[in-house]
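Worksheet: one structure, shown below.
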Amino acid sequence: MNNTDIRQAFLNFFQSKEHAIVPSAPMVVKNDPTLMFTNAGMNQFKDIFLGNQEGKFKRVADTQKCLRVSGKHNDLEEVGHDTYHHTMFEMLGNWSFGDYFKKEAIAWGWELLTGVLKIDKNCLYVTVFEGDDKEGLARDNEAIEFWKQHLPEERILLGSKKDNFWEMGDTGPCGPCSEIHADIRSEAEKAKIPGRDLVNKGDPHVIEIWNLVFIQYNRMAGGQLVELPAKHVDTGMGFERLCMVLQGKKSNYDTDVFQPIIHVIAQKAGIKYGDEPTTDIAMRVIADHLRAIAFAIADGQLPSNVKAGYVIRRILRRAVRYGYAFLGFREPFIHDLIPVLIAQMGQVFPELVAQKDLITNVIREEEAAFLRTLSTGIQRFNAYITPPQPLPKKGGAGVEIAEATPTDTLSCVTRHVSQVIDGSFAFELYDTYGFPIDLTELMAREIGWTVDMEGFTTGLAAQKNRSRQDAIVDTSDWVTLVEDAGMPEFVGYDLLQADTWITKYRKVVSKGEELFHFVFAQTPFYAESGGQVGDKGWLISGDEKIEIINTIKENELIIHLSRSLPSVPSQKIIARVNREIRTNVANNHSATHLMHAALRKVLGTHVEQKGSLVDENRLRFDFTHFAKLSKDEIARVETLVNEKIRENIQLKEARSLPIAQAKALGAMALFGEKYGDHVRVITFDPGYSVELCGGTHVPATGQIGQFKIISEGAIAAGIRRIEAISGKKADEYWHSRESLLTEISDLLKNPKDLLKGVNNLLNENVDLKKQVAELDKLKARQLKEEFAAQVKHYNGINFLTAKVDLDAETVKNLAHELNASIPDLFLVLATETDGKATLTVMLSENLVKERKLNAADIIRELAKEIQGGGGGQPHIATAGGKNPAGIMAALEKAKGFVIT
RNA sequence: GGGGGAUUAGCUCAGUUGGCUAGAGCGUUAGACUGGCAGUCUAAAGGUCAGGGGUUCGACUCCCCUAUUCUCCA
């Protein structure tokens, strides 16, 4: 059976058991502060388990794209070294929401594996929760009884709370679970050690393939468990592992899920898979990571240097690193694997096909960027291991002593003998320059050096500690004022003010700042989402008016942020949104829709939204497009948007439209966005802009006033960013441009043709510059002649002192020019500005060499006369002082250095 | 969100306890050589040293702030 058939068999089986087959949720999670990526099949049903939401179906099954790289399940550094862990994997799952329970879950699980997929019953073991005295939980005898109907008792094993009791978090729904394990060892091995002794012992060939969770308790904040009225089933089966078992392989990577990819990698590297453990690991790492990165990008998560984007970047870099270190790749290579990945998975996951170009370009660009980072690191590494060259003679006495001192020689030798890369240097390479520590080790080993790993680890620990200290957020428990309030109702599409009450609140302390989170029974406040910022406004409780500084979402819960708490939290309140801010935000949001449509009209329908930020000042829009927008294209977009504004198109809002109907209207949906069955559709002219959107909009486009693009640029390969303004901000923009123009025109005495006026000015300027340069030359010649006449000759030295009235830069230039025209020059120039005196001493090179004169020494002596200090180089030095009266004395004193 | 680094000519980058009239390579322009092209040689133009403030006789260099960007951690 190939992998496509296996996946389909699972879905068909549960469909036959009256399950609704739902699509995979995006891998990238939004609106859940505890989670960056989907890490289990149940994530998209979290609100149902938490009781926040009713499920639409009682029975559901799907295959879910999952990514496990951060947080509790952090396998990243292990992936590739073993044969069954992955970053990105598919989780096959079936769910019952208050419908069937243990009996059916167990029976169907067994029927699918042994009846439909024909796995040898004798290879399978199951585990059951053994109970826990501390929790007062009994053994899951129910499950045992059901299992006994399918397999002999000696293959039903008991497991501890750690392995067989599943909890979502510190609080919330939980319950015992039953795992199905498969023993895929050879008959000879099975004869030596019975499989039951290896279950949950880390043997790569006796592995868990399916976990059936029976959710029957709710863990309260105090730690006690309460029986749930509605019991649920939540199962998850690792698709790649199932393929391994069914295809009779010993490694997930030997299945047809990975082999085609590994084959291409091996071909490109010119190394056979199976030749050597290190190169095998590298190929597995690349094959695994390729999938994770490609799916993440398809779901709209681009590599970046923060948060989820940074996790993706790190995965990609790990793949590049392995390819670089073990397979000899020196050029971007991962993006070349996209076609084979698409051939593999494109049919099941059409988002890969649709975004092929973007995925390829983004990966290529990231690879190239990282290879540059590596080459910088290699340079720094080489500079570090190369002993410093002996210093050329500097003229100081210190050098001679150093050359003769045995200790110095010794230290030089020590450095070579010790051959240790300092831990702090290795950490600096890693931390500041992004150079991976394992590459530092590898390169050190190649030249017979070692790395002080202890020092490196110390540095890393200190860094982690700093970050952790900073990120500490102390969240208190919710204080519930109204029990069973359910989800708050959002009324902000129609109202900006509502009479309501606080259902619960809590205190959150972060970095010494104390904030309060409120949940209202109903609220006009829009919570930050879909790129639109959260509403600001006020909570009015009796005589108190408390400022709401932001509104955010946790999953579907709308939370209002404030710096203080009303004195009587339980009384009725008025929730009032700041109207002015909301209006500006709505202007920008509707303008974004108009611009999105305009971009597709002007540039083509390949334009897809990749990110959006809308606040009261501006709008920012990232979209797919492969070239810089020309001035003309920008102008056309602006013109089109402004035309649509003037048409004053009425907003058509459909609050709850079946998604199929919305798509039929041509509504633009985003990859990586999770939509329910019913969606909100925002239309400005059915023939122009139809989008799925939860944000707040203008009643008619005329309110936007006007629209202006402020900047356009690239943010990643194939992604452009536009920033624009609308309404009042656009007014302000044009006003400032106009006043600039008026000022320029005023400066030029309001010429008839301003452009011509500026051109004339520029041409005139060029001519005048030429004339000035000529005059300067002439003046310099005259000045030099003048000074030459004043030169006094002592002992073969041309001695010249003068007080001049010039700025510092000109004095320096004059000194250099005189030096160039008068040989054997000893020059002292003095100036006086703002009650301060400045001296400059210039000596010809040959005077410095032959007569051992030093301008820096001389100037220090002269500076005493003007009560100041200074210094410089042997041939030119400057000094400043606060006593201009001493200038003449200083010039007189200079003679003393020539007449000896 | 926190730490570290970077920002110098159109591009890629040097600039070593603060003092060399800020340099190199590529590119640009002009001239010469060549029958033409490719090219070679010579010369020139091109810099608010990211922006602002401070310390100093003197700041590309040291300190502070801001912006942009890279990188590590959370």
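The chains referred to below are lettered A, B, ... by the order of the sequence lines, with proteins before strands, and numbering in each begins at 1.
- Spacing between atom CD1 of A:Ile876 and atom P of B:rC57 amounts to 18 Å, rounded to whole angstrom units.
- Not a single donor-acceptor pair under 3.5 Å links the side chain of A:Asn883 to the backbone N or O of A:Ala837.
- Pairing for B:rG39 goes to B:rC33, judged as Watson-Crick or G-U wobble with the two contacts each under 3.5 Å.
- Under the Watson-Crick or G-U wobble criterion, with both distances below 3.5 Å, B:rU68 is paired with B:rA6.
- In this entry B:rA44 has B:rU28 as its Watson-Crick or G-U wobble partner, both defining distances falling under 3.5 Å.
- If you take atom C1' in B:rU17 and the same atom in B:rA59, they sit 15 Å apart, rounded to whole Å.
- The local environment of CE in A:Met453 is crowded, with over 12 non-hydrogen atoms from other residues, nucleotides or ligands closer than 6.0 Å.
- Applying the Watson-Crick and G-U wobble criteria (two distances, each under 3.5 Å), B:rU56 pairs with nothing in any strand.
- For the pair A:Leu843/A:Arg851, no side-chain contact is recorded, criterion being any heavy-atom separation below 4.5 Å from C-beta on.
- Residue A:Glu428 contributes atom CD, which lies 8 Å from atom C1' of B:rG5 at whole-angstrom precision.
- RNA chain B is contacted by both A:Thr838 and A:Asn465; A:Thr838 maps to the nucleotide lying nearer its 5′ end (nearest heavy atom per residue).
- The phosphate of B:rC73 has OP1 or OP2 within less than 4.0 Å of a side-chain N or O from A:Tyr430.
- Checking B:rA22 for Watson-Crick or G-U wobble geometry (two distances, each under 3.5 Å) identifies no partner in any strand.
- If you take CZ of A:Phe425 and P of B:rG5, they are 14 Å apart, rounded to a whole angstrom.
- Taking 4.0 angstrom as the limit, A:Tyr433 places none of its side-chain polar atoms (N or O) nearer than this to OP1 or OP2 of B:rG4.
- The nucleotide B:rG1 finds its pairing partner in B:rC73, both defining distances of the Watson-Crick or G-U wobble pair being shorter than 3.5 Å.
- Rounded to whole Å, the separation between the C1' atoms of B:rC49 and B:rU21 comes to 15 Å.
- A salt bridge is defined here as a Lys NZ or Arg NE, NH1 or NH2 lying under 4.0 Å from an Asp or Glu carboxylate O, and A:Glu547 with A:Arg563 fails to meet this definition.
- OP1 or OP2 of B:rC72 has not a single side-chain nitrogen or oxygen of A:Arg314 nearer than 4.0 Å.
- Note on A:Arg466: every side-chain N or O is 4.0 Å or more away from OP1 and OP2 of B:rG1.
- In this structure, the CD atom of A:Glu845 is 13 Å from the P atom of B:rC20, given to the nearest Å.
- Between the P atoms of B:rA9 and B:rG51, the separation comes to 10 Å (whole Å).
- Spacing of P atoms, B:rU66 relative to B:rG3, comes out at 11 Å, to the nearest Å.
- When heavy atoms are screened at a 4.0 angstrom cut-off, A:Gly871 is found touching base atoms of the nucleic acid.
- Between A:Arg317 atom CZ and B:rU71 atom P the separation is 4 Å, expressed in whole Å.
- Using bins of under 30°, 30° to 60° and over 60° for the plane-to-plane angle, the ring pair A:Phe427/A:Tyr430 lands in the tilted bin.
- Nucleic acid contact for A:Gly434: sugar-phosphate only, since backbone atoms but no base atoms lie under 4.0 Å from a heavy atom of the residue.
- The interatomic distance linking A:Ile437 (CD1) with B:rC73 (C1') rounds to 15 Å, in whole Å.
- When distances run from any side-chain atom of A:His816 to the nucleotides B:rG4, B:rU21, B:rG19, the shortest one goes to B:rU21.
- Nucleotides B:rC41 and B:rC60 have their P atoms positioned 35 Å apart, rounded to a whole Å.
- Minimum interatomic distance between A:Ala894 and A:Val828 (heavy atoms only, all atoms of both residues): CB-CG2, 3.8 Å.
- Atom NZ of A:Lys507 sits in a sparse spot, with 12 or fewer heavy atoms from other residues, nucleotides or ligands closer than 6.0 Å.
- Using a 4.0 Å heavy-atom cutoff across all strands shown, A:Arg313 reaches sugar-phosphate atoms only and no base atom.
- Look at B:rA14: it lacks any Watson-Crick or wobble partner with both distances under 3.5 angstrom.
- In the set B:rG5, B:rU71, B:rU21, B:rU71 carries the atom at the smallest distance from any side-chain atom of A:Thr373.
- Comparing A:Leu429 and A:Ala877 by the nucleotide of RNA chain B that holds the closest heavy atom to each, the one mapping nearer the 5' end is A:Ala877.
- Taking the C1' atoms as reference points, B:rC13 lies 30 Å from B:rU56, given to the whole Å.
- Checking B:rU71, B:rG3, B:rG5 against the side-chain heavy atoms of A:Asp431 singles out B:rG3 as nearest.
- Of the candidate nucleotides B:rU21, B:rG2, B:rC57, B:rC57 has the atom nearest to the side chain of A:Thr878.
- Here A:Arg620 contributes atom CZ and A:Asp615 contributes atom CG; the two are 9.0 Å apart, rounded to the nearest 0.5 Å.
- If you take CD of A:Glu366 and C1' of B:rU71, they are 12 Å apart, rounded to a whole angstrom.
- Comparing B:rC65 with B:rG25, their C1' atoms sit 36 Å apart, to the nearest whole Å.
- Annotation: B:rC11 and B:rG27 have their C1' atoms spaced 7 Å apart (nearest Å).
- At the heavy-atom level, A:Tyr310 lies under 4.0 Å from base atoms of the strands shown.
- Separating the CD atom of A:Gln873 from the P atom of B:rG18 is a distance of 13 Å, rounded to the nearest angstrom.
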